[in-house]
Structures are given as structure tokens and as C-alpha cells.
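Just below is one structure, and these are the notes that go with it.
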Amino acid sequence: MPLALLALAIGAFGIGTTEFVIMGLLPEVAADFQVSIPTAGFLVTGYALGVVLGAPLMTLLGTRVTRKRMLMLLMGLFIVGNVVSALAPVFGVMLAGRVVASLAHGAFFGIGSVVAADLVAPQKKAGAIAMMFTGLTVANVVGVPLGTYIGQSAGWRTTFVLVALLGVIGLVGVAKLVPEQPKPEGVRVRHELAAFRNVQVLLAMAMTVLGFGGVFAAITYITPMMTEIAGYSASSVTWLLVLFGLGMVGGNLVGGRLADRHLMPMLYISLGALALVLGLFTVTAHNKVAAAVTIVLIGALGFATVPPLQKRVLDQAAGAPTLASAVNIGAFNLGNALSAWLGGLVIAAGLGYTAPNWVGAVLAASALVLAVVSGLLERRSAGAEGRIVAGSSPEAVAAPARH
């Protein structure tokens with residue numbers, strides 16, 4: 001794998017850290033600004049919505065510059081957002097800093113996926129995408145726990161200063177290591193938007209929303225589930241989330257490797273197994289050891305779908321993949337927000353802290369259904385093309401095109 005992927009992974013590590021570390025620092029931030037925990041929660045919601053809106057917006061704005069330059073501009077935006085958060089005198093300014101940082105998120109991963117795929121041979125594209133996303137998964141194993149510890153020990157502002165420094169390292173890495181690729185000729189906004197007329201692109205994005213949404217339906221409520229149902233202490237939740245992050249790292253790498261060989265079968269297996277494991281979590285959540293094992297499996301199976309889904313979008317949007325790739329990153333965050341809301345509804349309805357697992361299982365199973373539909377449509381299309389070619393006369397097939 002090219003060394004340029006390391007620069008992309010470092011940027012992904014910083015983005016993943018700033019996205020999730022706030023969840024562990026909400027009490028400190030709320031106390032500092034003298035706001036309630038629910039109010040401080042807008043720092044999470046605002047970031048997620050910023051990703052959803054920023055992914056297409058920033059990608060479209062970047063159609064007139066080279067991808068390398070756009071990646072550098074996005075890392076600069078990320079640095080500014082985190083510096084504003086670290087220095088914010090009032091809560092509203094910090095929220096604005098979070099939104100500014102989030103605008104870089106979707107476009108960085110979307111454009112970065114295209115760049116990563118272009119750096120390697122066709123049969124290694126999903127593996128290259130997975131290598132970049134390794135930065136995001138490692139952030140959940142190292143960056144988030146470490147950032148939470150630093151924030152609780154030295155103040156939450158210190159954490160955001162360090163995250164901004166990660167952005168600086170990522171910016172320098174992109175500038176030094178990512179090759180200057182020529183700007184694609186003839187790319188216009190309407191070209192990028194045309195990809196959304198492809199039903200396979202829309203199906204892949206819907207799978208992203210539902211599949212990864214299934215993961216977050218369970219993980220969003222992991223703390224009350226593990227403390228109230230499994231019997232863990234509150235302090236144990238940190239290492240349980242580390243286990244979840246380790247599962248994400250493994251699933252991401254395996255998913256990327258296998259997707260380069262058998263993309264659709266990889267999706268069928270990972271989504272089907274994810275739905276099954278989420279359903280079983282309603283039972284295994286009552287046992288400490290079984291719950292810990294299940295959390296690892298949810299992380300692994302959930303992130304095993306990321307490289308194949310991202311590659312699926314790139315393949316189906318060939319010719320104008322940048323916007324579709326970025327919007328698909330926004331789809332992950334849309335799935336997170338949707339599943340967290342649905343999980344909260346079933347808890348509020350009195351169905352218990354394990355009920356979100358059933359929500360996740362249904363979402364993942366729905367994604368599997370869409371994957372099967374997508375595969376069937378692809379086979380039918382390939383069969384129709386084959387019949388057209390078979391029905392052509394040898395002379396028509398061999399005849400050169402006239403201009």
C-alpha cells in the first residue's frame with residue numbers, strides 16, 4: 001500500500017477522535033459552560049447534522065480544485081473548528097466550532113476514498129479504502145479513550161487542542177505524501193448529481209443508513225445496558241468501548257480484503273450475521289462475558305460493511321464518484337442519528353434497555369434485503385446485456401465504430 005494512505009489514515013484518526021471524544025466529555029463541558037447535559041448533547045447532534053449537510057456542500061465546492069488541494073483545505077477547516085472549540089468563551093461558540101469541524105468530515109472521507117482507490121490497482125481498491133478508514137477505527141481504540149482521559153485530567157480544552165495538532169500532522173502528511181493528481185476533465189456539478197439517478201447508488205446508500213444504523217442502535221445505549229442489565233460498573237464501560245473499537249479495526253481490515261474478491265457475498269454475510277448478533281444481544285446482554293464478546297462482534301461485523309459499501313458506491317458512480325462517495329459518508333451519520341432516535345423511542349415506551357438491540361437487528365436485516373435486491377438487479381442487468389451481445393451478428397460486433 002502506498003505511503004500516501006498513511007497521511008489519509010492520520011487525518012481520519014483525528015476526525016474520528018473529535019467526532020466521538022465529546023461523548024465522554026459532556027459532563028465536563030456542561031459544567032464549564034453551566035448548561036444541562038441534554039443541552040451539551042447538541043454538540044453531538046450538531047456535529048452529526050453538520051456531516052450530513054457538509055458532505056455534499058463541501059464536495060460540490062471542491063469540484064473546481066484538485067483532490068489533493070481540497071483534502072488540504074478540508075484539514076485546514078478541521079483544524080480551525082477544533083481550535084475554536086478549544087478556545088470557546090461561551091457554549092454557542094463551541095457549538096459553532098463543532099459544526100465547522102464537522103463540515104470537513106464527510107468530504108474528507110468521500111474524496112479520500114476516491115484518492116485511496118486511485119492509488120492502487122483495481123483489485124486492491126477496497127483494501128486501500130479500508131486502510132484509510134483504519135484511522136477512524138483506531139481512533140475508537142486509542143484516540144477516544146486517551147482523549148477522554150486527558151480531558152478529565154487536564155481539562156476538556158486540552159483534548160481539543162491536541163486534536164487540532166493531529167489535524168496539523170494530517171495536513172502536512174497530505175501535502176508531502178499524497179501525489180498531485182490532475183483535476184478530472186469535464187467534471188461538473190450536473191455530472192456528480194447524475195450518479196444519484198442510478199438505482200444501485202441509491203440502494204448502496206440505503207444499505208449504509210440501515211446497516212450501520214443497526215450498530216448504533218445498540219451502541220448508543222451501551223452504558224445503561226451494561227450497567228443496568230449486564231451488571232458492569234460505570235468505569236468498565238470505557239474498556240468495553242475499547243473492545244468495540246478493536247472489533248471495528250479487525251472488521252474493517254477483513255472487510256476490505258474480502259470485498260476486493262467477493263464484494264456482494266461479503267455484504268450478504270456481514271449484514272446477515274450483524275442482524276443475527278444484534279438480535280442475540282438481547283439475551284447475551286444479561287451475562288458479562290457473553291455481552292463483552294457480543295460487543296466485539298457487533299463492532300467487527302458493523303465495520304466489515306464499510307469498505308464494501310464505499311467501494312460499491314464508487315463502482316456504481318463511476319465517472320463521477322466524488323459527490324456520491326461523500327454523501328455515502330453522510331449516510332453513515334444519518335443512520336447513527338436515526339437509530340439513536342428509534343432506540344430512544346423503544347426505551348421510552350418501557351420496553352427496557354435491551355430493546356434497541358431489536359431495533360438494530362431489524363435495521364440490519366432491512367439492509368440485507370436491500371443488498372439481495374441490489375444483487376438480483378445487477379444479475380438481471382448483466383443477463384440482459386449478455387443476451388443483447390449474443391443476439392448481435394458477428395459482423396455488427398466486429399464492425400468498427402463510425403464517427
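Within the 4.5 Å cutoff, side-chain heavy atoms of M94 are placed close to those of W156. You'll find the side chain of N333 stays beyond 4.5 Å of the side chain of F216, heavy atoms only. The side-chain heavy atoms of T305 and L301, taken from C-beta on, include no pair separated by under 4.5 Å. You'll find the side chain of V100 stays beyond 4.5 Å of the side chain of V84, heavy atoms only. A heavy-atom distance below 4.5 Å is found between the side chains of L77 and M58. By the 4.5 Å heavy-atom criterion applied to side chains, M205 and V201 are counted as neighbours. Under the 4.5 Å side-chain criterion, counting only non-hydrogen atoms from C-beta, L246 is not in contact with V296. Residues V163 and F78 form a side-chain contact, since some pair of their non-hydrogen atoms from C-beta on lies under 4.5 Å apart.
Summarising the geometry, atom CD1 belonging to I169 is positioned 10.0 Å from atom CD1 belonging to I79; distances are rounded to the nearest 0.5 Å. Within the model, atoms CG of L95 and CZ of F42 stand 8.5 Å from one another, a figure rounded to the nearest 0.5 Å. To the nearest 0.5 Å, atoms NZ (K176) and CG (L3) are separated by 13.5 Å. Taking CG of L241 as the reference point, atom CD1 of I222 lies at 7.0 Å (rounded to 0.5 Å). Between L25 atom CG and I150 atom CD1 the span is 10.0 Å, to the nearest 0.5 Å. Separating the CG atom in L8 from the CG atom in L136 is a distance of 13.0 Å, to the nearest 0.5 Å.
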Trace of the side chain to side chain contact (heavy atoms under 4.5 Å, CB included) decision for D32 with F91: CA-CA 9 Å; D32 195 8; F91 179 77; over 6 Å; no

Residue pair V254, R257: steps toward the side chain to side chain contact (heavy atoms under 4.5 Å, CB included) verdict: CA-CA 5 Å; V254 173; R257 182 175 293 273; 5.8 Å; no

Side chain to side chain contact (heavy atoms under 4.5 Å, CB included) between L103 and Y47, intermediate numbers included: CA-CA 8 Å; L103 294 177; Y47 188 96; over 6 Å; no

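Scanning all heavy atoms of the two residues, the minimum distance from M248 to T137 falls at O-CG2, 3.7 Å. Taking every heavy atom of both residues into account, L74 and F108 meet most closely at CD1-N, 3.5 Å. Scanning all heavy atoms of the two residues, the minimum distance from A285 to I229 falls at O-CG2, 3.5 Å. The two residues V327 and P56 have their closest heavy-atom pair at CG2-CB, 4.0 Å. Taking every heavy atom of both residues into account, A139 and P145 meet most closely at O-CD, 4.1 Å. The two residues V174 and K68 make their nearest non-hydrogen contact at O-CE, 3.4 Å.
Within 6.0 Å of atom CZ in R157, more than 12 heavy atoms from other residues, nucleotides or ligands are found, so the atom counts as buried in its surroundings.
Applying the side chain to side chain donor-acceptor pair (under 3.5 Å) test to residues at least two apart or on different chains, the pairs with a partner in residues 80-99 are T18-N82. Annotation: side chain to side chain donor-acceptor pair (under 3.5 Å) contacts involving residues 208-218, sequence neighbours excluded, comprise T208-N328.
Annotation: side-chain hydrogen bond (donor to acceptor under 3.5 Å, both in side chains) contacts of S102 (sequence neighbours excluded): none. Qualifying side-chain hydrogen bond (donor to acceptor under 3.5 Å, both in side chains) partners for S233, counting only residues two or more places apart in sequence or in other chains: S235, S236. Scored by the side-chain contact (heavy atoms from CB on, under 4.5 Å) test, L334 finds V52, V209 as partners (sequence neighbours excluded). Here T158 pairs with nothing under the side-chain hydrogen bond (donor to acceptor under 3.5 Å, both in side chains) rule; sequence neighbours left out. Listed by chain and number, the residues in a side-chain hydrogen bond (donor to acceptor under 3.5 Å, both in side chains) with T148 amount to none (sequence neighbours excluded). Considering only residues two or more places apart in sequence or on other chains, A292 meets the side-chain contact (heavy atoms from CB on, under 4.5 Å) condition with Y232, L240, L243.
Ion pairing of E378 with R312 is present here, as a side-chain N (NZ or NE/NH1/NH2) and a carboxylate O approach within less than 4.0 Å.
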Report, one line per pair, each donor and acceptor closer than 3.5 Å where one atom sits in a side chain of residues 262-282; sequence neighbours left out.
residue : atom : partner : partner atom : Å
S270    : OG   : M266    : O            : 2.8
S270    : OG   : L267    : O            : 3.3
T282    : OG1  : G279    : O            : 2.7

Donor-acceptor pairs are to be reported for all side-chain atoms of residues 112-120 against protein atoms at under 3.5 Å, with residues two or more places apart or in another chain.
residue : atom : partner : partner atom : Å
S113    : OG   : F109    : O            : 2.7
S113    : OG   : Q310    : NE2          : 3.4
D118    : OD2  : R67     : NH1          : 3.3

Under 3.5 Å, side-chain donor or acceptor atoms of residues 349-373 against the rest of the protein: list the pairs with distances, not counting sequence neighbours.
residue : atom : partner : partner atom : Å
N357    : ND2  : T354    : O            : 3.3
S366    : OG   : V362    : O            : 2.8

Show me the side-chain donor-acceptor pairs of residues 338-346 shorter than 3.5 Å, one per line, residues at least two apart or across chains.
residue : atom : partner : partner atom : Å
S339    : OG   : G213    : O            : 3.0
S339    : OG   : A217    : N            : 3.4
S339    : OG   : G335    : O            : 2.9
S339    : OG   : N336    : O            : 3.1

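No donor-acceptor pair closer than 3.5 Å links the side chain of E28 to the backbone N or O of G151.
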